[in-house]
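For reference, the structure is listed below as structure tokens.
Below, all heavy atoms of this structure are taken into account, side chains as well, without hydrogens, waters or symmetry copies. Chain naming here is simple, since letters A, B, ... match the order of the sequence lines and numbering starts at 1 in each.
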2 protein chains.
Amino acid sequence: MSKSNPCQGNCPIARVTALLGDGWSLMIIREAFLGSGKFNEFERRLGIARNILTNRLRKLVGAGLLKRRESETDRRVVEYRLTAAGRALFPVLIALSQWSEQHLGDCSHSVRYVERATGEEIRPIRVVSADGRELDAGELVMLPGPDADPALRARLNAALDQAGSEAARAAS
Amino acid sequence: MSKSNPCQGNCPIARVTALLGDGWSLMIIREAFLGSGKFNEFERRLGIARNILTNRLRKLVGAGLLKRRESETDRRVVEYRLTAAGRALFPVLIALSQWSEQHLGDCSHSVRYVERATGEEIRPIRVVSADGRELDAGELVMLPGPDADPALRARLNAALDQAGSEAARAAS
DNA sequence: CAAGTAAGTTGCAAAACGCAACCGGGCTAC
DNA sequence: GTAGCCCGGTTGCGTTTTGCAACTTACTTG
């Protein structure tokens with residue numbers, strides 16, 4: 001994948017896939033949310049090979065999701081902590097988790113996300129319109145933004161045209 | 001990864017990672033949201049190798065995200081369409097996309113998600129409490145749910161304890 | 001019927017992954 | 001202070017996954 005996936009220019013999904021699209025990165029982020037910070041903790045709790053872990057931690061630090069800091073009390077240990085950018089992935093993680101429990105495997109309810117202050121479970125993550133209504137996938141369109149490069153712009157416009165012609169065909 | 005990543009029992013993130021944790025699956029889902037359906041379309045638009053594409057499509061069909069249907073008008077072509085489970089990934093995709101644009105690379109605004117009916121851009125995806133307030137990562141806890149297996153339960157409780165002791169340490 | 005096209009499949013080379021052994025600095029205990 | 005252990009890596013090597021290109025089979029089109 002690494003060499004290819006120029007895919008469609010600066011598509012944000014392509015960029016995030018290049019960074020987190022492997023079997024471990026998301027698990028490492030999850031572990032970090034669960035409080036892991038030391039190299040050893042990640043290794044033990046995930047059962048990941050040490051060379052791979054080194055590689056992924058470097059990548060995540062390089063991307064600004066984790067911050068590497070050598071402990072002051074014991075200079076052998078290194079702490080990897082989530083940065084603000086890393087913590088901003090929390091909605092993604094929850095959305096994935098909720099989707100997984102609803103649509104994968106045996107429909108189990110194995111993790112609860114509750115508000116610390118109230119003890120109440122949070123709502124399912126949803127797409128919400130500008131004025132606060134919950135939206136469905138069918139009610140949305142993707143349009144090229146101001147910074148879309150030509151390839152992405154072409155792709156999104158093609159998708160629009162296709163949807164348009166499909167709608168026209170359905171209407172006829 | 002495939003063999004390992006038993007990770008922590010039935011953790012939903014581990015399950016979703018096993019399914020979508022590679023360089024292509026999410027891109028295929030994105031393409032499907034953009035209207036691609038035929039084998040050739042995925043191939044051309046993503047630049048993915050055909051054997052890999054075959055493999056991923058089968059996996060996604062097997063997981064119930066895509067539905068494989070041979071065209072009636074031309075029996076050579078095969079249509080892969082998102083199922084309800086697949087469409088339910090839309091919030092995840094948008095959350096990833098929004099995160100990517102905010103925290104990756106050059107802060108660009110290359111894709112706009114707008115409501116078809118109003119033309120208004122949607123709100124950023126957020127975690128919302130039971131009574132509708134937007135929550136921050138720090139205001140949440142993960143607790144084992146009724147279906148958590150022992151390993152996951154232990155992991156989540158350990159995280160709780162650790163957070164507790166850290167809080168105690170910070171308070172002292 | 002000849003040519004072209006769609007969706008795979010196969011074989012092979014290159015890259016990524018996983019494991020286990022090794023390493024160097026830093027603590028700890030005697 | 002030195003022997004032994006822990007921590008965070010690194011290295012070498014075998015296995016798996018990926019990527020590419022050529023081939024195949026079924027079908028449509030001219």
Rounded to whole Å, please give me the gap between [atom1] in [X] and [atom2] in [N].
X: A/Asn55; N: D/dG8; atom1: CG; atom2: C1'; answer: 15 Å
X: A/Leu53; N: D/dT11; atom1: CG; atom2: P; answer: 16 Å
X: B/Leu46; N: D/dT18; atom1: CG; atom2: C1'; answer: 15 Å
X: B/Glu43; N: C/dA6; atom1: CD; atom2: P; answer: 10 Å
X: A/Glu70; N: D/dG8; atom1: CD; atom2: C1'; answer: 10 Å
X: A/Ile48; N: D/dG8; atom1: CD1; atom2: C1'; answer: 14 Å
X: A/Asp22; N: C/dC17; atom1: CG; atom2: P; answer: 6 Å
X: A/Phe39; N: C/dG24; atom1: CZ; atom2: P; answer: 17 Å

Inset, instruction - Mind checking the CG-CZ spacing from A/Leu93 to A/Arg30? Nearest 0.5 Å is all I need. - result: 8.5 Å
When you get a sec, tell me which of [options] is the closest nucleotide to the side chain of [X]?
X: A/Ile52; options: C/dG8, D/dT11, C/dC17; value: C/dC17
X: B/Asn40; options: D/dG9, C/dC17, C/dA6; value: C/dA6
X: A/Lys38; options: C/dC19, D/dG8, C/dG8; value: D/dG8

Considering just the side-chain nitrogens and oxygens of [X], establish if one lies under 4.0 Å of OP1 or OP2 belonging to [N].
X: B/Arg58; N: C/dT9; answer: yes
X: B/Tyr80; N: C/dG8; answer: yes
X: A/Arg68; N: D/dG9; answer: yes
X: A/Trp24; N: C/dG18; answer: yes

Legend entry - Base D/dT28 paired with B/Arg76 side chain (donor-acceptor, <3.5 Å): no
Inset, instruction - Ignoring hydrogens and angles, answer whether the base of D/dG8 and the side-chain atoms of A/Arg50 contain a donor-acceptor pair closer than 3.5 Å. - result: yes
Inset, instruction - Could you tell me whether the side chain of B/Met27 reaches within less than 4.5 Å of the side chain of B/Phe42, counting heavy atoms only? - result: no
Run the salt-bridge test on [X] and [Y] with the 4.0 Å N-O cut-off and return the result as yes or no.
X: A/Arg68; Y: A/Glu70; result: yes
X: B/Glu101; Y: B/Arg112; result: no
X: B/Glu31; Y: A/Arg155; result: yes

Legend entry - Position toward the 5' end of DNA chain D (nearest nucleotide), A/Val77 or A/Asn51: A/Val77
Inset, instruction - Starting from the 5' end of DNA chain C, give me the residue, A/Arg75 or A/Arg56, whose nearest nucleotide shows up first. - result: A/Arg56
